[in-house]
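Just below is one structure, and these are the notes that go with it.
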Amino acid sequence: MSHPEQHRGRWRPRLDRPALVALLFGLAGVGYRLVLTVFTVPVSNSDEATFGLAALHIAQGRERPIFLYGQHYMGVLESYLAAPLVAVAGPSWPVLRLPMLVLYAVFLYLIYRLTRRLCTPWFAAFVVGLLALGPERVVRDQLTVVGGRPEVKPAVLLMLLITVGLAVGTVHRRRLAIGLFGLLVGLSVWSDWLILPYLAVAGLALLWAVRRELLGWSGLLLVAGAVVGVAPMIVDNLRAGPGEDSLSVFREVSTKAGPQPPWSDRIRGGLLEGVPLAHGLCPVDGCGRWQQWFGVLYPVLLVAGAALAVLAYRRAAGPPGGERTARATPRAERVGPVVQLALIAGAALTLLSYVRSPLAATSPLDNARYLSVLQLSLPAVLWPLWVAALTAWRGTSSVLGRITGALSAAVLAALTVTTLVITVLFAATGTAASRTEERQARELAAALRADGPHEVYGDYWTCNRLIFNTDESVVCGVLDADLSPGQNRYRPYWRQVGRAERPGYVVEAGSPMDRRLRRLLADRGDATPVREVGGYRVYHPDTPVRPWR
């Protein structure tokens with residue numbers, strides 16, 4: 001990555017050209033996302049606000065949540081990361097998202113380091129440049145505080161780098177590194193179960209690299225680290241009542257009643273919609289047919305990447321009796337292909353897990369976020385294309401090889417150009433709607449904060465965002481469209497509104513809840529004060545309106 005350079009008695013690192021290019025790409029990607037963070041793009045929502053409220057409560061010392069309010073399976077590590085900033089600067093969306101931006105920068109750095117060690121420096125720079133781009137679906141997963149994915153991706157990369165370092169011998173405090181590996185596993189399990197396939201293959205890679213060491217103190221440190229990382233989840237599950245443990249709740253959420261869509265529909269939704277969306281090849285509202293080509297090609301690239309890694313593994317140690325450098329060992333030379341196989345297997349298992357769900361067929365656009373972890377495998381997936389293109393460019397292949405190389409170069413170019421075009425279109429035209437919605441939400445918050453009412457009812461997507469935007473000076477209870485109690489993640493808010501002598505209602509103008517409320521008030525003959533703010537209607541009846549009672 002760099003070479004030491006002596007200057008006035010000091011040794012300073014000097015970046016080589018690939019590292020410098022990667023640095024420029026990384027700075028561009030971080031800078032682009034910093035601008036989006038400042039302007040709260042993509043738009044905030046009540047799920048993210050729930051993490052923000054947890055961060056606020058942590059900062060104030062009021063709560064020490066283990067899982068997201070109202071859940072028992074998604075950790076709130078992101079809330080703990082944001083809590084110190086919220087304590088200093090107060091609740092705001094840029095403050096809440098700033099740790100996610102830092103995690104994205106760490107992700108770029110680690111994937112560059114890993115790709116450079118496994119492949120080549122210029123390919124590592126190319127991967128960083130591709131990941132620096134980002135249309136709405138991609139940056140939403142990277143910047144919004146909705147749990148899990150922004151922190152588990154750097155964790156997996158660091159685990160794999162530890163594995164490589166242990167196999168090569170560049171890690172000197174080996175036991176400490178293995179204990180850190182275990183800690184990262186535990187934290188990832190607590191944070192987001194979607195990463196389990198990658199944790200499994202990373203664990204197998206570690207077992208391959210240091211299996212003998214794991215029989216002693218290193219193995220104990222690995223287990224101890226994992227237990228410490230997952231300790232919050234263990235504590236919560238020990239206290240949970242019957243059916244409220246993480247596994248039971250997650251199984252209930254993941255299992256949907258009703259007829260299962262056919263495998264063909266699930267595979268089509270996973271490959272043709274989910275994979276291109278997760279890699280930034282489509283706008284957030286879906287993929288056109290011309291953008292689905294990467295989903296068709298993806299399984300082929302997985303097979304090609306696995307075959308290339310197996311071939312490299314078999315060739316790595318050289319022929320029996322061959323010469324090796326003083327430091328080289330079969331394990332050191334083969335760890336690269338092993339980690340590449342781990343990345344391929346992680347992607348395949350993640351994709352298989354996704355297409356098993358009926359949501360892959362019934363709601364592919366909303367659920368493509370679950371495939372964002374496939375970015376971890378991008379170096380291993382694209383490496384066969386890079387090798388073929390480079391071999392053809394050097395003129396060392398046959399006619400068939402040159403044709404294959406030309407096609408591979410065309411695929412890499414198409415992937416880059418498509419991602420760039422979708423990113424530019426989003427940056428130029430796709431942010432206006434988010435900024436308009438965000439401005440209306442802030443207008444509503446400012447109006448209620450200034451003039452009341454301060455205890456209101458509203459729908460799920462209004463309530464927690466309103467509470468966060470007003471720093472809890474306005475409290476909201478969640479109702480469904482039929483004016484019955486809805487998903488109140490943090491019960492104290494519901495109880496506080498329930499005790500209010502004259503609660504208000506905040507509803508989107510023209511929504512089903514708005515129409516039902518107007519009919520209810522008209523039947524009561526209640527001359528209710530109504531005002532419109534930023535696309536919302538605020539009702540403030542003279543007497544409490546709680547039809548569910």
Side-chain angles (χ1 to χ4, degrees), residues 36 40-48 74 100 131 133-150 153 192-194 253-256 258-299 347 350-375 377-378 415 418-438 459-461 465 481 487 508 511:
L36 296 180
T40 317
V41 177
V43 68
S44 62
N45 59 49
S46 280
D47 281 346
E48 186 175 18
M74 180 176 287
M100 303 304 100
L131 292 172
L133 301 172
E136 183 173 0
R137 177 70 273 164
V138 171
V139 297
R140 182 181 296 277
D141 290 323
Q142 293 168 343
L143 297 181
T144 55
V145 185
V146 291
R149 295 175 291 279
K153 289 191 291 185
D192 191 351
W193 287 12
L194 291 175
V253 171
S254 304
T255 305
K256 300 296 183 182
Q260 294 289 318
W263 270 98
S264 58
D265 291 347
R266 285 180 275 171
I267 292 174
R268 186 182 302 112
L271 288 179
L272 301 187
E273 291 284 353
V275 169
L277 275 167
H279 289 87
L281 298 174
C282 309
V284 72
D285 57 352
C287 299
R289 289 189 178 275
W290 67 275
Q291 296 164 315
Q292 296 177 347
W293 60 269
F294 189 66
V296 176
L297 188 60
Y298 197 80
T350 297
L351 193 55
L352 178 61
S353 176
Y354 178 72
V355 298
R356 288 181 66 249
S357 169
L359 296 177
T362 59
S363 185
L365 298 184
D366 293 335
N367 295 281
R369 64 186 186 274
Y370 298 131
L371 293 178
S372 67
V373 294
L374 293 181
Q375 289 179 345
S377 298
L378 194 62
L415 182 66
T418 304
T419 309
L420 178 61
V421 169
I422 301 300
T423 299
V424 171
L425 287 176
F426 167 63
T429 63
T431 63
S434 294
R435 296 182 66 181
T436 298
E437 182 180 344
E438 200 65 40
D459 66 17
Y460 177 80
W461 296 111
R465 181 164 66 163
Q487 186 180 14
E508 288 188 46
S511 66

Margin query: Using a 3.5 Å distance criterion without hydrogens, assess whether the side chain of Ser357 forms a donor-acceptor pair with backbone atoms of Tyr354.
Written below: no

Notebook entry, point to check: What pairs with Glu438 under side-chain contact (heavy atoms from CB on, under 4.5 Å), at least two apart in sequence or on another chain?
Noted result: Thr40, Val43, Ser44, Trp93, Arg442, Arg465

Check: Taking all atoms of both residues into account, what is the closest heavy-atom pair of Ile422 and Leu281, and its distance?
Finding: CG1-O, 3.6 Å

Margin query: Give me each pair satisfying side chain to side chain donor-acceptor pair (under 3.5 Å) with a member in residues 270-292, each pair once, sequence neighbours excluded.
Written below: none

Checklist line | Set of side chain to side chain donor-acceptor pair (under 3.5 Å) partners for Arg266, sequence neighbours left out | finding: none

Margin query: With a 4.5 Å cut-off on side-chain heavy atoms, are Cys287 and Leu272 touching?
Written below: no

Check: Would you say the side chain of Leu351 lies within less than 4.5 Å of the side chain of Leu271, judging by non-hydrogen atoms?
Finding: yes

Checklist line | Contact summary for Gly269 and Pro364, nearest pair of heavy atoms | finding: O-CB, 4.0 Å

Notebook entry, point to check: About how many Å separate CG of Leu374 and CG of Leu277, when rounded to the nearest 0.5 Å?
Noted result: 12.0 Å

Margin query: Are Leu425 and Pro135 packed together at the side-chain level, in the sense that at least one heavy-atom pair is separated by less than 4.5 angstrom?
Written below: no

Next item on the list: Using the side chain to side chain contact (heavy atoms under 4.5 Å, CB included) rule, take Phe426 and Leu36 through it: C-alpha gap first, then chi angles, then the decisive distance, then the call.
Entry: CA-CA 11 Å; Phe426 167 63; Leu36 296 180; 4.2 Å; yes

Notebook entry, point to check: Can you name the residues that form a ring pair (Phe, Tyr, Trp, His ring centres under 6.0 Å) with Trp293, not counting sequence neighbours?
Noted result: none

Note to self: Using every non-hydrogen atom in the two residues, find where Thr144 and Pro150 come nearest and quote the distance to one decimal.
What the structure shows: O-CG, 4.4 Å

Notebook entry, point to check: Taking C-beta and beyond as the side chain, do Ser372 and Val138 meet within less than 4.5 Å on heavy atoms?
Noted result: no

Margin query: How close do Ala360 and Val355 get, counting heavy atoms only, and between which atoms?
Written below: CB-CA, 4.1 Å

Check: Measuring from Ser377:OG to Tyr298:OH, what's the distance to the nearest 0.5 Å?
Finding: 5.0 Å

Note to self: Run the side chain to side chain contact (heavy atoms under 4.5 Å, CB included) test on Trp263 and Arg268 for me, step by step, so that the C-alpha distance in whole Å, both residues' side-chain angles and the decisive distance to 0.1 Å come before the verdict.
What the structure shows: CA-CA 8 Å; Trp263 270 98; Arg268 186 182 302 112; over 6 Å; no

Notebook entry, point to check: Partners of Asp141 by salt bridge (charged side-chain N to carboxylate O under 4.0 Å, His left out), sequence neighbours excluded?
Noted result: Arg137, Arg149

Checklist line | Residues in salt bridge (charged side-chain N to carboxylate O under 4.0 Å, His left out) contact with Asp459, at least two apart in sequence or another chain | finding: none

Check: Which pair of heavy atoms, one from Gly286 and one from Leu365, lies closest together, and at what distance?
Finding: CA-CD2, 3.5 Å

Check: Which value, rounded to the nearest 0.5 Å, describes the distance between Arg369 atom CZ and Leu194 atom CG?
Finding: 9.0 Å

Margin query: I'd like to check Thr350 versus Leu371 (side-chain heavy atoms, cut-off strictly below 4.5 Å). Are they in contact?
Written below: yes

Check: OG1 of Thr419 to CG of Leu133: how many Å apart, nearest 0.5 Å?
Finding: 6.0 Å

Item checked: Nearest non-hydrogen partners of Gly295 and Pro276, listed with the distance -> N-CG, 4.0 Å

Notebook entry, point to check: Between Ser363 (side chain) and Leu359 (backbone), is there a donor-acceptor pair under 3.5 Å?
Noted result: no

Next item on the list: Could you tell me the separation between the CG atom of Leu297 and the CG atom of Leu415, rounded to the nearest 0.5 Å?
Entry: 9.5 Å

Next item on the list: Kindly say whether Val145 contributes a backbone atom to a donor-acceptor pair with the side chain of Glu48 at under 3.5 angstrom?
Entry: yes

Margin query: Please check: side-chain N/O of Ser46 versus main-chain N/O of Tyr460, any donor-acceptor pairing under 3.5 Å?
Written below: yes

Margin query: To the closest 0.5 Å, what do you measure between CD (Glu136) and OG1 (Thr431)?
Written below: 9.5 Å

